[in-house]
Amino acid sequence: MELDIQCEEMNPSRWAELLSTMKSCKTIRLDDCNLSSSNCEDLCSIINMNPSLTELKLNNNELGDAGMEYLCKGLLMPSCSLQKLWLQNCNLTSASCETLCSVLSAQPSLTELHVGDNKLGTGGVKVLCQGMMNPNCKLQKLQLEYCELTGDIVEALNVALQSKPTLKELSLSNNTLGDTAVKQLCRGLVEASCNLELLHLENCGITSDSCREISAVLSNKSSLIDLSVGDNKIGDSGLALLCQGLMHPNCKIQKLWLWDCDLTSASCKDLSRLLSTKETLTEISLIDNNLRDSGMEMLCQALKDPKSKLQELWIRECGLTTACCKAISSALSVNKHLKVLHMGENKLGDAGVELMCEGLLHPSCNIQSLWLGNCDLTAACCATLGTVMATKQCLTELDLSYNSLEDEGVRKICEALRNPSCNVQQLILYDIFWSSEVDDELRALEESKPEVKIIS
């Protein structure tokens, strides 16, 4: 049994009602429910009396250190078999780390700990690392985003990593680590016995100076399949160094996030080589990099290579225009693997989207999710988009937000949605202005096709 409640104010009668339900739940999720330390006292009893409870999510509640103390009393009970604990943004401080350390040391069932968005600080997380080093600790996933960590944490983390072969996922994004600490972390990861699968280092103050060490992790750890270094100013020179590791035969990367990394079209030669040769790579994000049309054309050439198995391409806000759309269309007409294409915030225009639709309509194209928000589109391209919607049954999600479609364009899209062959289940239309008559048509359409969700 699962209890999943979000964004609900808890009055005493409602809370009492839920407590009786929780006694038999395997999963409890109470995110954004205005819970406090007093609720944690009740949850301590639930943890103690419900041995089937394996997942507890309490994100975005003001639990505080006092609430954490109550929870940990339950977590330390012999009857507790909790596996996954989510406490993101719960107003915890370093004081909570002492009690969490005890839990890590005593509970081998706990495999996931998510404590991001809490002011744990470097001192607090050093205490957590001591708990991780206990042989009883079998932690597999540790999420420490926005925890006010500095580079001083890395030495303790590396010692913990050496003793924790079970750890699969480590997220340290949005902490001011800097190059020196990231280099030290990477050297530790290369030597560590753990087979890390996910490493997230977004917005950690990384520059090209760290990229050789990150590259060494990629070439030495074939287990690493998910790497995110977005929002770091690594630049083209850093990307070239990363690609040395990414191209290594040992590297089995599947998901690579490089958003807002100060990349230009100069990086696209290396990226194209990666796309056309690394068959394990299925998802890449290049959002908010100045790739421009010349860079996109190189990427499209790589997408046409039979070895490319990419399924998701995120290229929002990359300085693209109509000029690269013929190359995109050509790639879409050849590539059978691409399922998700995010192209918002690029000045493609109606003419560009018309060209893209030629590729989208090709029998080889299997796009399921297409994002074209804020692409300078008008009603002029909506008839062709409607043809794609009605023809390509693989297309289930379409975003046309922030475009000047007006009544005429929205009506053409609605007409396509009414077509029995159209399989679009989610249509996103944020910040598009239409008349009350068109609004009535949209509501009627949702009623006649309840499987369709129109988000505006």
Side-chain angles (χ1 to χ4, degrees), residues 145-146 171-179 182 199-211 214 226-243 246 253-272 274-275 281-300 302-303 310-325 327-328 331 338 340-349 352-353 356 369-377 397 399-403 428 430-431:
E145 296 186 4
Y146 287 108
S171 179
L172 297 169
S173 295
N174 302 298
N175 290 293
T176 53
L177 302 183
D179 282 323
V182 169
L199 179 62
H200 284 189
L201 296 168
E202 295 182 349
N203 186 27
C204 283
I206 298 170
T207 71
S208 59
D209 201 32
S210 298
C211 290
I214 298 172
D226 185 334
L227 174 68
S228 181
V229 290
D231 201 12
N232 288 294
K233 307 305 177 190
I234 65 170
D236 297 326
S237 58
L239 189 276
L241 290 168
L242 280 186
C243 281
L246 289 163
I253 197 74
Q254 294 177 15
K255 183 177 178 180
L256 180 62
W257 282 58
L258 298 165
W259 60 277
D260 195 13
C261 282
D262 272 6
L263 307 182
T264 71
S265 57
S267 284
C268 291
K269 188 174 182 181
D270 285 325
L271 286 169
S272 297
L274 180 66
L275 290 178
L281 184 63
T282 57
E283 182 177 336
I284 190 167
S285 171
L286 299 167
I287 289 171
D288 199 14
N289 286 296
N290 193 28
L291 306 184
R292 309 188 72 79
D293 294 326
S294 57
M296 189 63 212
E297 285 170 0
M298 281 189 264
L299 295 180
C300 287
L303 288 171
L310 200 71
Q311 295 176 22
E312 297 192 25
L313 176 60
W314 300 57
I315 43 170
R316 191 172 72 237
E317 205 172 348
C318 286
L320 310 183
T321 72
T322 309
C324 69
C325 290
I328 295 170
L338 199 63
V340 177
L341 182 58
H342 281 249
M343 293 201 62
E345 309 280 337
N346 289 297
K347 296 184 182 300
L348 307 181
V353 168
M356 277 181 57
S369 178
L370 179 63
W371 294 66
L372 297 169
N374 199 13
C375 284
D376 284 359
L377 309 184
E397 184 176 40
D399 179 17
L400 297 171
S401 302
Y402 309 104
N403 288 299
I428 306 164
Y430 285 123
D431 205 22

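All of these numbers come straight from a predicted model, not from anything done at the bench.
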*Asks:* So, the side chain of Ser173 versus the backbone of Glu145: is there a donor-acceptor pair under 3.5 Å, distance only?
*Replies:*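 Not at all, since once roles are kept as given, no pair shorter than 3.5 Å links the two residues.
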*Asks:* State which residues pass ring pair (Phe, Tyr, Trp, His ring centres under 6.0 Å) with His200; sequence neighbours excluded, sorted by chain then number.
*Replies:*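 Testing His200 for ring pair (Phe, Tyr, Trp, His ring centres under 6.0 Å), a comparison that skips the adjacent residues, returns none.
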*Asks:* Do any N or O atoms from the side chain of Asn403 and from the backbone of Leu372 form a donor-acceptor pair under 3.5 angstrom?
*Replies:*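 Such a contact is found between Asn403 side chain and Leu372 backbone.
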*Asks:* Got Asp376 and Lys347 here, is their nearest side-chain heavy-atom distance under 4.5 Å?
*Replies:*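 In short, these two side chains touch, coming nearer than 4.5 Å.
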*Asks:* Classify the side-chain pair Asp179/Ser210 by whether it contains a donor and acceptor separated by less than 3.5 Å.
*Replies:*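 Note: Asp179 and Ser210 side chains meet the donor-acceptor criterion.
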*Asks:* If you compare all heavy atoms of Ser272 against all heavy atoms of Ala302, which two are closest, and at what distance to 0.1 Å?
*Replies:*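 Smallest interatomic distance, heavy atoms only, reads O-CB, 3.3 Å.
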*Asks:* Are the side chains of Ile234 and Asp262 in contact, using a 4.5 Å heavy-atom criterion?
*Replies:*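 With C-beta onward as the side chain, the pair stays apart.
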*Asks:* With a 4.5 Å cut-off on side-chain heavy atoms, are Lys233 and Asp260 touching?
*Replies:*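 Yes, at least one pair of side-chain atoms sits under 4.5 Å.
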*Asks:* Kindly indicate whether the side chain of His342, heavy atoms from C-beta on, has any atom under 4.5 Å from the side chain of Ile287.
*Replies:*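 Side chain of His342 against side chain of Ile287, heavy atoms only: no contact under 4.5 Å found.
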*Asks:* With heavy-atom distances below 4.5 Å as the criterion, would you say the side chains of Leu246 and Leu281 are in contact?
*Replies:*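 Of all side-chain heavy-atom pairs linking Leu281 with Leu246, none is under 4.5 Å.
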*Asks:* Looking at every heavy atom in both Glu312 and Leu338, which two are closest together, and how far apart are they?
*Replies:*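 Closest pair (atom of Glu312, atom of Leu338, distance): N-CD1, 4.0 Å.
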*Asks:* Strictly by modelled atom types, are Ser401 and Asp399 linked by a side-chain donor-acceptor pair under 3.5 Å?
*Replies:*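 Result is yes, a qualifying pair exists.
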*Asks:* Would the distance check show the side chain of Asn346 and the main-chain N or O of Leu320 forming a donor-acceptor pair, the cut-off being under 3.5 Å?
*Replies:*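 At least one qualifying donor-acceptor pair exists.
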*Asks:* Can any side-chain N or O of Ser228 pair as donor or acceptor with the backbone N or O of Glu202 at less than 3.5 Å?
*Replies:*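 No, Ser228 side chain to Glu202 backbone: no donor-acceptor pair under 3.5 Å.
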*Asks:* Distance check, rounded to the nearest 0.5 Å: Asp288 atom CG versus Leu258 atom CG?
*Replies:*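 Taking CG in Asp288 and CG in Leu258, the distance rounds to 12.5 Å.
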*Asks:* Please report the interatomic distance CG(Leu275) to CG(Leu271), rounded to the nearest 0.5 Å.
*Replies:*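 With rounding to 0.5 Å, CG (Leu275) is 6.5 Å from CG (Leu271).
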*Asks:* Taking the side chain as every heavy atom from C-beta outward, state whether Val340 and Leu313 have any pair of such atoms under 4.5 Å apart.
*Replies:*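 When only atoms from C-beta onward are counted, Leu313 and Val340 do not touch, as no gap falls below 4.5 Å.
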*Asks:* Please round to the nearest 0.5 Å and tell me the distance separating atom CG of Leu286 and atom CH2 of Trp259.
*Replies:*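 It comes to 13.0 Å.
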*Asks:* If I compare all heavy atoms of Cys324 with all of Met296, which pair ends up nearest, and what's the gap?
*Replies:*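 What the structure gives for the nearest pair is SG-CG, 4.0 Å.
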*Asks:* Under a 3.5 Å threshold, yes or no: a donor from one side chain and an acceptor from the other, between Glu397 and Ser369?
*Replies:*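 Yes, Ser369 and Glu397 have a side-chain donor paired with an acceptor closer than 3.5 Å.
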*Asks:* Closest approach of Trp371 and Ile428, non-hydrogen atoms and distance?
*Replies:*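 Taking every non-hydrogen atom into account, CH2-CD1, 3.6 Å.
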*Asks:* Got a sec: does the NZ of Lys255 have more than 12 other heavy atoms crowding it under 6.0 Å?
*Replies:*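 Yes, enclosed.
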*Asks:* Indicate the atoms forming the closest heavy-atom contact of Gly238 with Cys211, along with that distance.
*Replies:*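 Heavy-atom minimum between the residues: O-CB, 3.5 Å.
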*Asks:* Rounded to the nearest 0.5 Å, how far does CG of Leu341 lie from CG of Leu303?
*Replies:*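 Reported to 0.5 Å precision, the distance equals 9.0 Å.
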*Asks:* Can you check whether Cys261's main-chain N or O pairs, donor with acceptor, with Asn289's side chain at less than 3.5 Å?
*Replies:*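 Yes; at least one donor-acceptor contact below 3.5 Å.
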*Asks:* With a 3.5 Å distance limit and no angle check, can you tell me whether Asn232 reaches the backbone of Gly230 through a side-chain donor-acceptor pair?
*Replies:*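 It does hold such a pair.
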*Asks:* Do you know the tightest heavy-atom contact between Ala331 and Cys300?
*Replies:*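 In this case the closest contact between Ala331 and Cys300 is CB-O, 3.7 Å.
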*Asks:* Going from OG1 on Thr282 to CD1 on Ile253, what distance comes out if it is rounded to the nearest 0.5 angstrom?
*Replies:*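 Between Thr282 OG1 and Ile253 CD1, I get 9.5 Å after rounding to 0.5 Å.
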*Asks:* With rounding to the nearest 0.5 angstrom, report the CG to CG distance, Leu242 to Asp270.
*Replies:*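 Between Leu242 CG and Asp270 CG, I get 10.0 Å after rounding to 0.5 Å.
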*Asks:* Are the side chains of Ser265 and Leu291 in touch, meaning some heavy atoms are under 4.5 Å apart?
*Replies:*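 Not touching, per the 4.5 Å side-chain cut-off.
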*Asks:* Quick one: do Trp314 and Trp257 satisfy ring-ring contact (aromatic ring centres under 6.0 Å, His included)? Show the steps, please.
*Replies:* CA-CA 9 Å; Trp314 300 57; Trp257 282 58; 5.2 Å; yes
*Asks:* Can you confirm whether Asp236 sits close enough to Leu263 that some side-chain heavy atom of one is under 4.5 Å from a side-chain heavy atom of the other?
*Replies:*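 Yes - at least one pair of side-chain heavy atoms lies under 4.5 Å apart.
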